[in-house]
Amino acid sequence: MNLRTLLGERLQAALQEAGAGDAPAIVGPATRPEFGDYQANGALAAAKRLGMKPRDLASRVAAAADLSGIAARCEVTGPGFISLTIDDDCLSEALADSRIEPVGSGERVVIDYSHPNLAKEMQVHHLRSTIIGDAVARILDALGYDVIRQNHVGDWGTGFGRLVAHLNDIGEDSDALGDLERFYTEASERFTSDPAFADRARRVVVDLQGGDPATLERWQRYIDISMSHCQAVYDRLGVGLNPGHVRGESAYRDDLDGIVADLDAKGLVVEDDGALCAFLPEFKETDGRVAPIIVRKSDGGYLYHSTDLAAVRYRTQTLHAKRVLYVVDARQSLHFKQLFALAKRAAYDAGASLEHHRFGMMLGNDGRPFKTREGSGTRLLDFLDEATVRARRLVEAKNPELDGKEMDRVARAVGIGAVKYADLSKNRTGDYVFDWDAMMSLEGNTAPYLQYAFARIQSLFQRGQVDAAALTGKPTIREVEEHALALQIARFQEALEQVATTVMPHHLCTYLYDLAAAFMRFYERCPVLDSDVRNDRLLLCRQTASTLSRGLDLLGIETVDRM
RNA sequence: GCGCCCGUAGCUCAGCUGGAUAGAGCGUCGGCCUCCGGAGCCGAAGGCCACAGGUUCGAAUCCUGUCGGGCGCGCCA
């Protein structure tokens, strides 16, 4: 249940009854505790339009609103705010039924994320897209959307010419493919230093695009190996991606001629300097130049604009997506603006919402793009190794009695969880500073703090020999701390829906952190095991734990019973 | 040259269709354990929300400009 939506509907009806037409109620969390749990600001804005005194309108709205069973108090405050306090029985009901409401109604959403370049191994800069995309996909899934994950891997393009040419030269049985990074570097070096090799590489590109079977076979072999590296990273990260989600650039290679012919037929492209370009007026700059969208190079080759257009068409017309989410680096902003504009002109969007959800770079403490501690590289696997090692060191120091197997599991959950949370909790459109010590400090808004809160509740059940699953009934709310905690638990749905609309998982992180804080205050003030109302409080504990665990799970973060 | 993004406490970050006295964590200072994990709780100090105008009953939020920082801009993706 979404209390905020419910209050919004009831108050909007009251606004209408009070003569304010279809003015929105504008319900949000109260800004201060003395103003209750929620506040509605809509009467202020509406009163102005109607030429009424805000307080008068607010009073009429408050009187007209049907809030029985929802709000225990509804009163006008200040210049015309409506302050609302949720009824304790209502909270109690909400706790008893904590299912996620499927507001997605099966609407199909395609989400494009991770999309590593298969020419080399996954790098640290692939982390954000992979993690954010995974969390968003999980959350939309949980809300009842029909989510289709698309891993648009970079498996096609001129770069593969040199790789396959190098593979041709050294023999495909060579174990050189065991180290993709080295292989890639060698191929690149030869390409710049050896003109004859560069020529061969360019011919390979032609062969590839022409569909030469032997060349395609070599290429496929390279792709398979590279893809298995990616899968290892995905498994390690615990994200839901698998080979079934892969639909890379090469999947659209046979569509490109048709796309470009179609753009031409629609009069959207012209030849310029030998290249085929679209010049859309909205990309006209103040100096009169128009930024071009090149869909075919002067040598006849295609670029990623064409591939991406084909992908848009596939996602909207074949997959029938209503919404296509691109979780991609902010540096691609112009590309996506152009892509979406051209796709609309060509009617490839089929009315779907095409959305680029950008993110900034991960910076080190020095304010420069992040590198692993050694400064040598940015291989994602090395980075995850370091995270796990650091987490293990931490957990060993705090809780040395965990045995080897459990220690491994905890180190993984804490290490990977901390990395993910550090990223997800700061989903700004700009860059963010990654700091090992801050994210592993186990204090403040971190994954370990939330995991700890969960573990602490499990420990409480264990100490009290409580079978949490067997607890029944609806808790009666008595103390203000209980009310605050119950309210926060009930707001889970709001947090999820907020992520669904904004595609910003940090709203869920903030929610969970506030939930943990509300629990800590409750726990400090309200004894649980040695209490006359033990069952009620145990129920609150159980719902806190399950909400924490579900929320973290939707972020792709594991919980552990002891840590 | 043109364009996009960012500028909030010493540091790292929130601030949800414009709302009441701008919030957390770290760090600093001060309280709280006969009590369920102190990895905690309570409190204090710390802000011209980069700057200047504008719109509004009301602006960190919207508009314009200036100054800082990041990124991007014809045949890589």
Side-chain angles (χ1 to χ4, degrees), chain A residues 4 24 26 28-32 34-35 39 41-42 44-45 47-48 54 77-81 83 115 117 119 154 156-159 249 272-277 283-289 291-299 301-305 307-308 329-335 337 358 360-361 363 365 367 394 398-399 422 425-426 428-435 437-439 441-446 448-449 451-453 455-457 459-461 463-464 494-495 498 501-502 504 506-507 509-510 513-514 517 520-521 523-531 537 541 562-563:
Chain A
R4 189 176 172 179
I26 314 184
T31 51
R32 307 179 66 77
E34 59 264 38
F35 301 137
Q39 64 184 49
N41 306 334
L44 273 169
K48 196 197 163 200
T77 52
F81 298 104
S83 296
H115 42 249
N117 180 352
W156 200 245
T158 50
E249 294 171 340
D272 193 82
D273 269 351
L276 211 52
C277 305
F283 297 103
K284 186 172 186 172
E285 291 163 356
T286 48
D287 57 3
R289 285 173 49 243
I293 305 171
I294 302 177
V295 296
R296 195 179 65 200
K297 298 192 285 180
S298 50
D299 67 2
Y302 294 109
L303 296 164
Y304 75 151
H305 258 121
T307 307
D308 282 353
D329 193 313
R331 287 176 296 191
Q332 301 295 328
S333 294
L334 177 60
H335 167 69
K337 270 186 189 156
R358 77 185 78 197
M361 283 187 296
L363 304 177
N365 269 327
L394 195 76
K398 292 293 179 191
N399 202 347
S425 62
K426 288 190 277 279
R428 314 186 69 203
T429 49
D431 301 338
Y432 86 102
V433 177
F434 182 89
D435 179 55
D437 295 327
M439 73 175 221
S441 77
L442 304 176
E443 287 172 2
N445 191 7
T446 65
Y449 173 80
Q451 289 167 320
Y452 169 71
R456 193 170 179 182
I457 297 170
S459 161
L460 180 76
F461 291 145
R463 171 178 274 263
E494 283 173 44
Q498 199 175 7
T501 34
T502 60
M504 289 189 174
H506 80 274
H507 288 122
C509 295
T510 304
Y513 181 61
D514 289 344
M520 292 297 181
R521 280 191 287 270
Y523 192 66
E524 193 78 18
R525 174 78 207 292
C526 305
V528 177
L529 294 178
D530 185 22
S531 160
R537 290 183 175 165
C541 290
R562 297 198 299 165
M563 60 183 278

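Computed from a prediction, not measured in an experiment: that's the story for all the values here. What's counted below: heavy atoms across the whole structure, side chains too, no hydrogens, waters or symmetry copies. A note on names: the letters A, B, ... follow the listed sequences, proteins ahead of strands, and every chain is numbered from 1.
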Name the pairs: protein N/O against N/O of nucleotides 67-77 of chain B, kept only if under 3.5 Å.
{"residue": "B/G70", "atom": "O2'", "partner": "A/Asp431", "partner atom": "OD2", "Å": "3.2"}
{"residue": "B/C75", "atom": "O2", "partner": "A/Ser298", "partner atom": "N", "Å": "2.7"}
{"residue": "B/C75", "atom": "O2", "partner": "A/Ser298", "partner atom": "OG", "Å": "3.3"}
{"residue": "B/C75", "atom": "N3", "partner": "A/Ser298", "partner atom": "OG", "Å": "3.3"}
{"residue": "B/C75", "atom": "N4", "partner": "A/Asp273", "partner atom": "O", "Å": "2.8"}
{"residue": "B/C76", "atom": "OP2", "partner": "A/Lys297", "partner atom": "NZ", "Å": "3.0"}
{"residue": "B/A77", "atom": "O3'", "partner": "A/Glu249", "partner atom": "OE1", "Å": "3.2"}
{"residue": "B/A77", "atom": "O3'", "partner": "A/Glu249", "partner atom": "OE2", "Å": "2.1"}
{"residue": "B/A77", "atom": "N6", "partner": "A/Tyr304", "partner atom": "OH", "Å": "3.1"}

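Applying the Watson-Crick and G-U wobble criteria (two distances, each under 3.5 Å), B/C35 pairs with nothing in any strand. When both pairing distances are held under 3.5 Å, B/C71 makes a Watson-Crick or G-U pair with B/G3. For B/C13, the paired base is B/G23 (Watson-Crick or G-U wobble, both distances below 3.5 Å). The pairing partner recorded for B/A50 is B/U66, the criterion being a Watson-Crick or G-U wobble arrangement whose two distances lie under 3.5 angstrom. Base pairing annotation: B/A44 forms a Watson-Crick or G-U wobble pair with B/U28, both donor-acceptor distances under 3.5 Å.
A/Met563 comes within 4.0 angstrom of a nucleotide base, judged by non-hydrogen atoms across all strands. Nucleic acid contact for A/Lys398: base, since at least one base atom lies under 4.0 Å from a heavy atom of the residue. A/Arg32 comes within 4.0 angstrom of a base, heavy atoms only. Counting any heavy atom pair closer than 4.0 Å across all strands shown, A/Val433 reaches sugar-phosphate atoms only and no base atom.
Computed from coordinates, the A/Asn41 CG to B/A59 P distance equals 15 Å when rounded to whole Å.
Side-chain to base pairing of A/Gln498 with B/C16: one donor and one acceptor N or O lie within less than 3.5 Å of each other. For A/Arg358 against B/C4, a side-chain-to-base donor-acceptor contact under 3.5 Å is absent.
Stacking here means ring centres nearer than 5.5 Å and ring planes tilted less than 30 degrees, and by that measure A/Tyr513 does not stack onto B/A24.
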